[in-house]
Amino acid sequence: MSRRQLQPGRLVLATHNPGKVVELAELLGPHGLEVVSAGELGLDEPEETGSTFIANAELKALAAAKASGLPALADDSGLCVDALGGAPGIYSARWAGPDKDFMVAMMRVRDALDLEGPRNAHFICALSLAWPDGHVESVEGRVDGMLAWPPRGDNGFGYDPMFIMDGKSRTFGEISRDEKEADNHRARAFLLLRPLLPARG
Ligand code: IMP
């Protein structure tokens, strides 16, 4: 089946996270899309009941597209640690607890790990583009690396201070925002989505 192409016009960003809205709006701007967030439209956030990143991104994108009558883009991302069978994975945000404290989440990862063992990990970002008629297109970007302990650097967010991407010596918390955004799991997913977007103006 051929992949569906998005036409120029309004696109809902199915996220209530202002940081993600800014980051995705910057990436989408050159494609002639007028971005409006789910928060601005007063749309409810569905519960993330999927068992994969793509399932969760799809359910968020579909809910926003159906409620707004416009195409919608959603993302779902997280950190997967090989020695923990892929945890925290889709539960990455939840490991930070109700206070969204990522020092707590990073300590949970460290406590679960055998510190002498391998520390391979990767970040995943799923992006889903959904239409009001229920059609959905999804892509997934991945970046591999190693866990560092103790956490290093104040840049970035989430698990950034404990992740060193392959080929780098500093954590995502230590490198600049520009360097991180130039090539990470979100950038790689966006590259895969680009052929479905209107041509850049
Ligand atoms: P989501 O908002 O449900 O997609 O949750 C994603 C969670 O995964 C975030 O709250 C972060 O904890 C983590 N995460 C995803 N991408 C990154 C990243 O680039 N750096 C650090 N943590 C990330």
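Residues: numbered from 1 along the sequence shown.
Heavy atoms of other residues, nucleotides or ligands lying less than 6.0 angstrom from CZ of R94 number more than 12. Atom CG of D111 has more than 12 heavy atoms from other residues, nucleotides or ligands within 6.0 Å. By the 6.0 Å contact criterion, CG on D44 is open, its count of non-hydrogen atoms from other residues, nucleotides or ligands being 12 or less.
When the side chains of ILVMFWY residues are joined at heavy-atom separations under 4.5 Å, either directly or via intervening members, W131 and V139 end up in a single hydrophobic cluster. Transitive grouping of hydrophobic side chains (ILVMFWY, heavy atoms separated by less than 4.5 Å) keeps V136 and L59 in distinct clusters. When the side chains of ILVMFWY residues are joined at heavy-atom separations under 4.5 Å, either directly or via intervening members, L62 and V36 end up in two distinct hydrophobic clusters. When the side chains of ILVMFWY residues are joined at heavy-atom separations under 4.5 Å, either directly or via intervening members, V143 and L193 end up in two distinct hydrophobic clusters. Grouping the Ile, Leu, Val, Met, Phe, Trp and Tyr side chains by contacts below 4.5 angstrom, directly or via other members, places L28 with L192.
Going from atom CG of L197 over to atom CG of L73 covers 8.0 Å, rounded to the nearest 0.5 Å. Atom CG in L6 sits 8.5 Å away from atom CG in L196 (nearest 0.5 Å). Between K180 atom NZ and F163 atom CZ the span is 9.5 Å, to the nearest 0.5 Å. Note that CG of L191 is 8.0 Å distant from CG of D183, once rounded to the nearest 0.5 Å. Going from atom CD of Q5 over to atom CD of E137 covers 9.0 Å, rounded to the nearest 0.5 Å. With rounding to the nearest 0.5 angstrom, the CG atom of L27 is 10.0 Å from the CZ atom of R186.
A25 approaches L13 most closely through the heavy-atom pair N-CD1, 4.1 Å. The minimum heavy-atom distance linking S92 with Y159 is given by the pair O-OH, 2.7 Å. When all heavy atoms of E181 and A187 are compared, the pair lying nearest together is O-CB, 3.5 Å. Listed here is the closest heavy atom pair of V12 and S68: CG2-OG, 3.6 Å. Residues D75 and S77 come closest through the heavy atom pair OD2-OG, 4.1 Å.
The closest donor-acceptor contact from the side chain of K66 to the backbone of G134 lies at 3.5 Å or more, if one exists at all.
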inquiry  = Pair V21, T15 - check side-chain contact (heavy atoms from CB on, under 4.5 Å), show working.
reply    = CA-CA 7 Å; V21 172; T15 173; 3.7 Å; yes
Let's go through D76 and K60 carefully: what are the C-alpha distance in whole Å and the side-chain angles of both, what is the deciding distance for side-chain contact (heavy atoms from CB on, under 4.5 Å) to 0.1 Å, and is it a yes or a no?
CA-CA 9 Å; D76 199 57; K60 288 187 268 189; 3.0 Å; yes
Fill in: Stepwise side-chain contact (heavy atoms from CB on, under 4.5 Å) test for M165 and N184
CA-CA 8 Å; M165 179 177 166; N184 64 28; 5.6 Å; no
side-chain contact (heavy atoms from CB on, under 4.5 Å), that's the test. Do L147 and V81 meet it? Break it down for me. CA-CA 8 Å; L147 296 179; V81 179; 3.9 Å; yes
ring-ring contact (aromatic ring centres under 6.0 Å, His included) between F102 and F157, worked out = CA-CA 8 Å; F102 280 93; F157 64 95; 7.7 Å; no
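Two residues are said to be in side-chain contact when any heavy atoms from C-beta on lie closer than 4.5 Å; H122 and I124 meet this criterion. Between C80 and F123 there is no side-chain heavy-atom pair separated by less than 4.5 Å. For the pair R152/I164, a side-chain contact is recorded, criterion being any heavy-atom separation below 4.5 Å from C-beta on. Looking at heavy atoms from C-beta onward, N155 lies out of side-chain contact with R177 at the 4.5 angstrom threshold.
Taking a cutoff of 4.0 Å between a charged side-chain nitrogen and a carboxylate oxygen, D133 and R4 qualify as a salt bridge. The pair E140-R188 fails the salt-bridge criterion, with no side-chain N (NZ, NE, NH1 or NH2) lying under 4.0 Å from an Asp/Glu carboxylate O. Under 4.0 Å is where a charged nitrogen must lie from a carboxylate oxygen, and between K168 and D166 no such pair does.
Ring geometry for H185 against F172 counts as parallel: the plane angle stays under 30°, on a 0 to 90° scale with 60° as the upper cut.
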